[in-house]
Amino acid sequence: MVVLGIETTCDETAAAVVERRPDGSGAILSNVVLSQTEEHAAFGGVVPEIAARAHVEALDQIIAAALEQAGQTFQSIDAVAAAAGPGLIGGVIVGLTTAKAIALVTGIPLVAVNHLEAHGLSPRLIGSVPFPYCLFLASGGHTQIVAVRGVGDYVRLGTTRDDAIGEAFDKTAKLLGLGYPGGPEVESQAEHGDPTRFILPRPMLGRADADFSFSGLKTAVRLEAQRIAPLSKVDIADMCASFQQAVTDVVADRLSAGLELFHASYGAPTALVAAGGVASNRAIRLVLHAVAREAHTVLVVPPPELCTDNAAMIAWAGAERLACGLTDPLDISPRARWPLEAVTKPPVKDQPADAES
Ligand code: KG4
Ligand code: ZN
């Protein structure tokens, strides 16, 4: 089956077409992403109203480009999937309403996809990753460790109690006078900094739960920066390296705890899957490899274009749900908040019989 996907929950306007074959394997036929980064850069973060307006202006052309690149038309696709949340509600309304219009006019089914579920299922689009696996979702809006047990079947093992991990990178970059988005800037500064120079806290280390907290770390960076102001180039590089080392230590510890929780309830995971923009950080990837090895599993990180926000993952989640017989009515509401556990589950007997699970 061929599915058109639409993503507008944050600052990327994206549309993509994917195919799901009867054996459960997938193929990306097109994947078009228009980033609004430049429009938000001056504000040091995403401005919801600007994002929503930019989605309205761009979405029609982005969808047309995705269909054309895939060699498809509204008549040839089998379903339309849109991210219906969680996210910035103005943008979510734009994408979901557009998908509803397409479904209404063409008569094809609508699938309202949870954006987090799409991140969670994305590794299955590019390879055989059977259920159950452990997902580490690390983006600007989310920090979660999730047991992915099947389509629609997710158990959150850990989450952040305050800032998201990417948000911690972005806020640290901002207070050091670096650009937005902050993660890549902090990573490149950290490469030539001394990670041992500043003693920063490692919040939540050693706890039996798998939760995160980053606000104390961010505050510690701010206090240190104020203490030694004005900051030289070397100070900034050392602060970035010290911050990144603290985050990396926290990620290693919290994921080890998360994998233990996974093991206790569901046995061995088939893989540790990392997704979200922060998963592209090389220091974090290194530590994820080590954590996976220690837990006797493998690390799967989808390619960067599937890790950061995109519509191929939305189309794919739509296809996986459709294969389970799950579609949505045209009056379904967009949601700013939508915990993964609240997505509708297929009855057990309707899970797709794919080759790998
Ligand atoms: O998944 P994503 O593109 O969008 C959502 O937030 O959903 O993630 C963006 C986040 C931003 O906070 C950005 O600073 C962070 O991912 N990020 C990074 C890196 N690249 C992007 N954080 C650390 N190191 C990076 N190399
Ligand atoms: Zn995302």
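Counting convention: from 1, in listed order, for ligands and their atoms alike. In this text, all values refer to a predicted model and were calculated from it rather than measured experimentally. Heads up: numbering here begins at 1 and tracks the sequence.
Within the protein, the N, O or S atoms lying under 2.8 Å from the Zn ion (ligand 2) are His115 NE2, His119 NE2, Asp309 OD1.
Not one N or O of Gly276 is nearer than 3.5 Å to an N or O of ligand 1, by distance alone. For ligand 1, the polar-atom distance check against Phe169 finds no nitrogen or oxygen pair separated by under 3.5 Å. In terms of polar-atom proximity, His119 is not counted as a contact of ligand 1, lacking any N or O under 3.5 Å from an N or O of the ligand. Geometrically, ligand 1 and Glu12 share no nitrogen or oxygen pair separated by less than 3.5 Å. At a 3.5 angstrom cut-off on N or O pairs, Asn281 counts as close to ligand 1.
Of all the atoms in ligand 1, the ones that sit under 4.0 Å from a non-hydrogen atom of Thr308 are 1 (O), 3 (O). Of all atoms in ligand 1, numbered sequentially from 1 with element shown, those under 4.0 Å from a heavy atom of Gly141 are 6 (O). Residue Ser280 has at least one heavy-atom neighbour below 4.0 Å for each of these atoms of ligand 1: 19 (C), 20 (N), 26 (N). Close approach to Gly166 involves these atoms of ligand 1, each under 4.0 Å from a residue heavy atom: 12 (O).
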Let me have the donor-acceptor pairs involving side chains of residues 65-74, under 3.5 Å, with sequence neighbours excluded, atom names and distances please.
residue: Gln72; atom: OE1; partner: Ser76; partner atom: OG; Å: 2.6
residue: Thr73; atom: OG1; partner: Gln75; partner atom: N; Å: 3.2
residue: Thr73; atom: OG1; partner: Ser76; partner atom: N; Å: 3.2

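Here the protein heavy atom with the shortest distance to atom 7 (O) of ligand 1 is Asp309 OD2, 3.0 Å. Ranking protein heavy atoms by distance to atom 18 (C) of ligand 1, first place goes to Gly183 CA, 3.5 Å. When hydrogens are left out, the protein atom nearest atom 6 (O) of ligand 1 is Gly140 N, 2.7 Å; that is the closest non-hydrogen contact. Nearest protein heavy-atom contact of atom 15 (C) of ligand 1 is Val278 CG2, 3.9 Å. In this structure, the protein non-hydrogen atom closest to atom 26 (N) of ligand 1 is Glu187 OE1, 2.7 Å.
By the 30° and 60° cut-offs, the orientation of the rings of Phe136 relative to Phe212 is parallel. Between Tyr266 and Phe262, the two ring planes are perpendicular [angle over 60°; tilted spans 30° to 60°].
Of the candidates Gly87, Gly277, Cys10, Gly277 brings a heavy atom nearest to atom 17 (N) of ligand 1.
Contact annotation: the side chain of Val92 never approaches that of Arg335 to less than 4.5 Å [non-hydrogen atoms, C-beta and beyond]. The side-chain heavy atoms of Trp316 and Ile28, taken from C-beta on, include no pair separated by under 4.5 Å. Between Thr172 and Cys240 there is no side-chain heavy-atom pair separated by less than 4.5 Å.
Using a 4.0 Å cut-off between charged side-chain N and carboxylate O, Asp253 and Arg202 make no salt bridge. Ion pairing of Arg21 with Asp23 is absent here, as no side-chain N (NZ or NE/NH1/NH2) approaches a carboxylate O to less than 4.0 Å. In summary, Glu49 and Arg53 engage in a salt bridge, as defined by a charged side-chain N under 4.0 Å from a carboxylate O.
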Side chain to side chain donor-acceptor pair (under 3.5 Å), that's the test. Do Thr9 and His115 meet it? Break it down for me. CA-CA 8 Å; Thr9 62; His115 178 93; 3.3 Å; yes

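Remark: Glu191 CD is packed, more than 12 non-hydrogen atoms of other residues, nucleotides or ligands lying under 6.0 Å away. Gln226 CD: more than 12 foreign heavy atoms inside a 6.0 Å radius.
Counting all heavy atoms, side chain and backbone alike, Leu110 lies closest to Pro329 at CD2-O, 3.8 Å.
Remark: the backbone N or O of Glu12 is not paired with any side-chain donor or acceptor of Asp309 at under 3.5 angstrom.
Under 4.0 angstrom from ligand 1, the non-hydrogen atoms of Asp170 all belong to its side chain.
The shortest heavy-atom distance from Gly182 to ligand 1 is under 4.0 Å.
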